[in-house]
Colleague: 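Have a look at this one.
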Amino acid sequence: MPAKQLSEVGIVPSAGVMPTPGSVPPTWSRFRYPQSLYKYGALLGAFAFIAFALDYLKIPMDRLPGMLGRMGEMLARRYFPPNVDHILNAEYWHTVVETLQMSYLATVLGIAISIPLAWFASFNMTPSRRYVYPIARLIIMACRSVHEMIWTILLVAILGFGMLPGALALTLFCIGFSGKLFSEAIEAIKPGQVEAIRATGANNLQAFIFAVLPQVRVAWAGISIYTWDVVFRAATVVGFFGAGGMGQYLRESVQRVASRDVAAILLSIVVVVIISELMSAWLRTRVAKAIA
Amino acid sequence: MQTVLEVRNLHAGYADREILKGISFTLNADDFFAIIGPSGAGKSTLIRCVNRLVEPKSGEVIFNGRDMLKLTPAELRGERRNIGMIFQEFNLIERLSVMDNVLTGRLGYTGTFRSIFRLYTKDEIKQALVLLDRVGLGEHIDKRADRLSGGQRQRVGIARALIQNPKLLLVDEPTSSLDPKISREVMGLIREMAREFHIPVLCNIHDVDLACDFCSHVIGLQDGVKKFEGPPAKLDKQALQEIYAMEVL
Amino acid sequence: MNALSIDARVDGIAAGRRRARALRFMSTFLILAVVVWSIEAIVIADTDWNRILTGSLLSTMQRFLDLDWSLLPDLWEPALETVLMATLATLAGLVLSIPVAWLGASNITPYGKTSYAIGRFLMTMSRSVHEIVWGLIFVSAVGLGALAGILAMAVRSVGFISKTIAEAIEDVDPKPLEAIRAAGGTKFQILWFAILPQIIPVFVGNMIFEWDINIRRSTILGLVGAGGLGLVLFRQMAMSNNGGIAVVILAVLSLIIFGEVISYYARKAVI
């Protein structure tokens, strides 16, 4: 396999390897005809595609140069210094707790739903490949394909403002996210253990609990913590579309065009997200060690 | 002699490739059958057709007076409890303890709800303990299965099969993951247990010497066809040549 | 052998199993206690059930199910735009990822711990800030439109792409690296000849994955005026045309299923 990869990218082993007579062309090149033709053709095609896409989307490329300068200038002028007082109050901290609650409920609920769904949506373990498998896959894919903020907007439209639509939207997001990863973990298990449990006369559920769960336990725990991290990240923003949590403040400040308040909120979001990321990394290694 | 298992004209395989081409044999109480043959001959498939881990295409597998191939899924699970199975790669649940691994042999007798909480009766725990003492692992009950050596793992596998109270033992290449010395110990243990509990054994085995030393009866399989059947004494050079004709040595 | 009688040992084992079970129950209980606390806050305290139950819950949902198929012929062009935007964003993300991955891969980072920390910080920043926030930032820099959306997606993609590239680089088999270093190769040559060939399979899979994610991201970036299906979606929302919203979402779903099919074959071709 490695040899094939090397030749695929045009590396001809030269040092230390005696070339077979006749295989080395007179002028050495990384690409040999017709391989060179494909490589340059593909590159040309890619450039043509990019040019076409830029033109089709009517993207004003002239705005790109100096973008960083303009951004810096604007950030300095309008967003700096962040109005920290806007977020240093009990009410704002309360929304941070709300964000945590939403993400927690959504993750637990989403994972509780994902577990059976992932089982049904794994090709090797599904109770029925013809009926259950495609339905479960479709549910997971439908949850995934709609952006979590679109879910939020839809659910806010149905249920009204508040944390409930946010938590439900995040639940759907969590199902799509962890469901896919869970089922991929199931598809990677060793089939022998399943066979052994089946041979004892165990039913499908018992085979799942005793042959599948022990094998995916560590992977699932890691995925679950990571999912919580990702869900929390999204939870900080769902408020922007009318669900609860820190995002409400963002929405309100953006609408007031209070740029320095916005800056403070964005800063606080980045800080809590980085904290959650560090915690989740720490928790992942701890849990992996504890249950490995 | 009481007949335990009767296989009649068994066919198995996929749409494009036939693996078993009409196998028939009869296994009586106290028999220890060895199935020998080159790899790819269909030994594993044959053994798995008995408890339907592989679905056969046609034929009959009469076990316990019923045709296994005609059972509903629930009936099949009930019948599988009566067939213990020992595997080549041991197939223990690596992250569970030795005790929990042996107790999984009772799953067929345990209700779904009880098994979720790993609730086994004291009687079952006692049986597991007695069996583990018997196979020489009484000191290792709390160890995780993946901390054991190959020979120890196969002993756990034997205990797991026996705690089912099986009326038949299917054994799939029990020694090919083990070194020669441990292989003989494991085969000896299987034979000893089979005699003690009066369980007939159907055993796939690659190693002809082991087959002849431990088994009472040999079936030679080649390319899905039975080429030989008889006691080990009758397994001469001629017969072996016919069984292994396809294999380039 | 064991000195204890068999029944005493069984009792000991049974007691141990009871303790383990109690521990499992306890941890489950803890998880559920926090769930109850969250439910209390979210479902009971914060939700106006009166309004939901007496109000128009069912009729609102009904309006979403009343699909507005008249929109369909006008969706082809935005769908193409979405695909183009996601592709451009993924490519731009890749271009931005290469230096970040170079900094953030511990075995090739140029200036030791400092550059490694910078690389890792850039990755975290990219992933930590939601695409909505990136979108808002870029709108103020380049104005409303597809460019802001593409930049937001590109920057948001950097975290994932560069992290996986860096990890792939760290997992690289060091032998070809040494061979080229021994032959007097430059740093660039090491990168190009020894590292790149080894990480290509992982890399292609991850690019397809990120492209897939960018398709769905592009829908929400309609908010910043980025074109494609996202813009159509936000227009339908502004018009409160629920049937239209549902149709656009279905269009996104089919686009992603289409992408999934393509990625399945692309992965098969590469790996």
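Numbers restart at 1 for each chain; the letters A, B, ... are given by sequence-line order, proteins then strands.
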Colleague: Do you know which of B:Asn82, B:Val4, B:Ile83 makes side-chain contact (heavy atoms from CB on, under 4.5 Å) with B:Asn64?
Modeller: B:Asn82

Colleague: Does any backbone or side-chain atom of C:Ile6 lie under 4.5 Å from a heavy atom of chain B? Answer side chain, backbone, both or neither.
Modeller: both

Colleague: Do NZ/NE/NH1/NH2 and the carboxylate oxygens of B:Lys122 and C:Asp11 come within less than 4.0 Å?
Modeller: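 C:Asp11 and B:Lys122: salt-bridged.
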
Colleague: Using non-hydrogen atoms only, which part of C:Arg18 is less than 4.5 Å away from chain B: side chain, backbone, both, or neither?
Modeller: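 Neither part.
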
Colleague: Do the side-chain N and O atoms of C:Glu210 and C:Thr90 include a donor-acceptor pair separated by under 3.5 angstrom?
Modeller: no

Colleague: Is there a donor-acceptor contact under 3.5 Å from the side chain of B:Thr104 to the main chain of B:Asn101?
Modeller: yes

Colleague: Measure B:Ile141 against the heavy atoms of chain C and call it side chain, backbone, both or neither at under 4.5 Å.
Modeller: side chain

